[in-house]
Structure formats: structure tokens, C-alpha cells
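As C-alpha cells, the structure follows; a few thoughts come after it.
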Amino acid sequence: MDFDALFNAQLDTLKDDGNYRYFAELERRCGKFPKAANHGEEGVRDVTVWCSNDYLGMGQHPKVIAAMCEAVERTGTGAGGTRNISGTNHDHLLLERELADLHGKEAALLFTSGYVSNWAALSTLGSRLTDCVILSDAGNHASMIEGIRHSRATKVIWKHNDVADLEAKLAALPTDVPKIVAFESVYSMDGDVAPIKAIVEVAEKYGAMTYLDEVHAVGMYGPRGGGVSERDGVADRITLIEGTLGKAFGVVGGYITGSHALCDFIRSFASGFIFTTALPPAVAAAARVSIAHLKQSELERAGQRRQVARLRKALDAAGIPHMRNGSHIVPVLIGDPNKTRMLADYLMREWDIYVQPINYPTVPKGTERLRFTPSPLHTDEDIDYLVSALSALWRQCALVHAVA
Ligand code: PLP
């Protein structure tokens, strides 16, 4: 059988639909963020990255780099095993204590990524709690959806950020079954923010546990970077807070936090925790320093807020519509995969601006977009340059439109 022909047939469909993904070959340059080298067809060129999830530039922070280097010298590269068999290192436990403290919880549990933490935690909860029903926000991330699917628990989808719909769905369930309300704080592609307090109140009314993904908020919201739940003063009412070490904290890895019993339960039953090599201790050491830094430093968060506001204002002045959402994510809707790709290619080729086109299945078809994430390290000049480039593009598109 010609397997390559089978693969290529499906890849061709993706290409025909405009949903095939081309990756930029970037080389991050330490100390230069948001600049990076792009290894493109025309050689190596410096570009400005406008779509990084290293939201605060912590991936190149001197303290974080020093912590990772020190830990490599002290412990070597890998962890040496799964957490169960020789892989649990002192640095992992120090990081788990730091994370528990960040969210004001009794305990925390590390995973190799945020994706794995959602997948492992939700699949374990849903499969091991008898008759469990998981009520999942319609906008939840693929990692949560996959975890719920794998659990084979009954899944009820409630309308995105719609507390009345959640309540109606909770009220329709038997009182004596375990219920989990699973949702996110900042939704990554629209950048909108959940009404956490109202959701918690409804969940409490119906005796449901709350599962909150703060992946796009940890490090960035709340006085210590504990996320939107910290900012809104409701972290203590959330049963489980999940997060990543790979975005604002600038490293890699994922985690959950909650009660001792909850974390011990996931530790003991989750295959996605048990059967995989632990994160390198140096990664844990770097993440811990990053978290500790952002617990006491407001500088990065304030700088980011300033640049986000500045970009939005400049887009408004240039007449470029963007989604208003109360977060640091600035999506510019294009609504067509080929046009989005064309715009992104043009920005890279002509302006040395890198913004990845966002297409299906990351967003629904017809809502393709450019998604900008200003950091405290983007300068005012970077913003002005970006908006000039977009304005020029918008003018050209209007011209093409008029001629057509
Ligand atoms: N949860 C949400 C909402 C995400 O957007 C992502 C990734 O972008 C993840 C979880 C996975 O996190 P990680 O990148 O650490 O695997």
C-alpha cells in the first residue's frame, strides 16, 4: 500500500482549504527579544516577533537563565526517570511548593506541559469519579476537550462564558452525581475573560467542583501573577487551578494546584503523570525563579499593559479593527485562511514582522486572524512600525477591492 499517497491526499486537502501550516524557522537570540533571526528562503534576517507566548520576555530574563545554567551545572541535563522511578528531584518539589503558594493552595503537581496537565487531570477525574459529569465551556482548549473525551465521562457543553446556560445545565442534572465545571480564565484566541466569580457561585450552589485553566493568565494577572482568579479574589474558591510554565514564565511544563488529596489523587492515578520522564531539574529551577520574580515584580506586567494599550490606540487611530476583550491578546480578524496567510507572508517578507496566521482548527473556519501579543519589551517604535505596515497593507487591500 502506498502510505505516502494516503498522507499526501489529506495534506493536499488541507492545502486546498488554506489550512496547511507553514512554520517559520526562527532562532531566538538571547537578550534581543522580541527580535529573532528568521532562517527564510532569502537567507537569515532579523525579524520582530509579534505573536510570542513568552508574554513578558521571561524566557530571556537574566535571573531565569542564570538559574537554569546553575542547575545544569549542579544536576546535569535530564531528570533520569519518571517521577515514580528515580526522576523526582529536589528542584521539582521546590517548584511545586512555589506553585502551591502562588495560587494559595495546599499542593501542586508538575507535568511535562500544560497540554499534558489538562489531558491527564481531566481524564483521571472524569474516569475515576463514578457517574461524573463534566460541564465544559464551549470555548475550551483542545487539551481539555481531549482529556474529557478520554475520560469517557458524560460531557455537557455550556455556551461560552454564559453563566445562565451553565446554571440551567447544572440544574438539570441529578443532585447526587459528581460534577466538574471546566473553563478557562483568558481564552487564547479571542482574548476574552471568563466571569469567574459568577461561575464559581453557580458551581457552589450546585455542589460542583471548579476546574480553571489559567494558562494565558499566570504571571500576568493578579498582584503576584496568580492569574485572573487571584486578581478577582476568588482563587480560594476554585477547586483546581491549572497553568503552564511555558508562556509568561518563559520555560516549559504544566501543573495543577489544589488540595493535598486532589493532587495526591492525580499523582497516583494519572497515566500522563506516571508514565513519562520528569522535566529536567534545570527547567524546574528556572521556572521557580521566574515565578518567584513575577510574584514580587510588577514591572513586567505594567510594561505589558502599557504596550497593549498603546497598540490598541494606534490601531484605532489607523482604523484597523481589532477585537476588544480586556486582555493582553490583540486579535485582528481577517475571516479567510488564504488572505490571512497572504497578509502574514507579506509582513514577514516586506516588513520583517513575524505574526503567524491563525487558522482552523485553532479557530473556527471563517474567523481566521492575525493575533498580536505585545510584550513589555516591544518598544514604542516597534508598535509604530507594525501599525505603519498594517496601514500600508490595509490601504493596498482597499485599492485592490476598489479596482475589483
Ligand atoms: N490550555 C490552554 C488554554 C492553551 O491555550 C494551551 C496552549 O496554548 C494549553 C493549555 C497547553 O499549554 P502548553 O503550551 O504548556 O502545553
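When a residue number appears, it is its place in the shown sequence, counting from 1. Fair warning: this is a prediction, and the values are worked out from it, not measured in the lab. Whatever order the structure lists ligands and atoms in, that order sets their numbers, starting from 1.
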Aromatic ring proximity His328/Phe372, centre distance under 6.0 Å: no

Within 6.0 Å of NE2 in His39, more than 12 heavy atoms from elsewhere: yes

Pairwise side-chain contact, Arg97 with Leu99, heavy-atom cut-off 4.5 Å (strictly under): no

Nitrogen or oxygen atoms of Gly246 and ligand 1 under 3.5 Å apart: no

Selected option - heavy-atom contact closest to atom 14 (O) of ligand 1, from Glu242, Glu214, Lys247, Met189: Lys247

Parallel, tilted or perpendicular: ring planes of His378 versus Phe33, cut at 30 and 60 degrees: perpendicular

The one among Asn140, Val186, Val215 that brings a heavy atom closest to atom 10 (C) of ligand 1: Val215

Residue, atom name and distance, where the atom is the protein heavy atom closest to atom 13 (P) of ligand 1: Gly114 N, 3.4 Å

Proximal atoms of ligand 1 relative to Asn118 (non-hydrogen, under 4.0 Å): 1 (N), 10 (C)

Nearest non-hydrogen protein atom, atom 1 (N) of ligand 1: Asp213 OD2, 2.6 Å

Closest protein heavy atom (residue, atom, distance) for atom 9 (C) of ligand 1: His141 CE1, 3.5 Å

Ligand 1 contacted by Ser143 (non-hydrogen, < 4.0 Å): yes

Geometric class of the Tyr115/His141 ring pair [parallel <30°, tilted 30-60°, perpendicular >60°]: perpendicular

Aromatic centroids of Trp351 and Tyr385 separated by under 6.0 Å: yes

Sub-4.0 Å atoms of ligand 1 with respect to non-hydrogen atoms of Glu184: 3 (C)

Per-atom contacts of ligand 1 with Tyr115, taking only distances under 4.0 Å to non-hydrogen atoms: 11 (C), 12 (O), 13 (P), 16 (O)

Atoms of ligand 1, numbered as shown, that sit under 4.0 Å from any heavy atom of Thr244: 13 (P), 15 (O)

Ring centre gap for Tyr211 and Phe183 strictly below 6.0 Å: no

Rounded distance (nearest 0.5 Å) linking atom CD of Gln307 with atom OG of Ser375: 8.0 Å

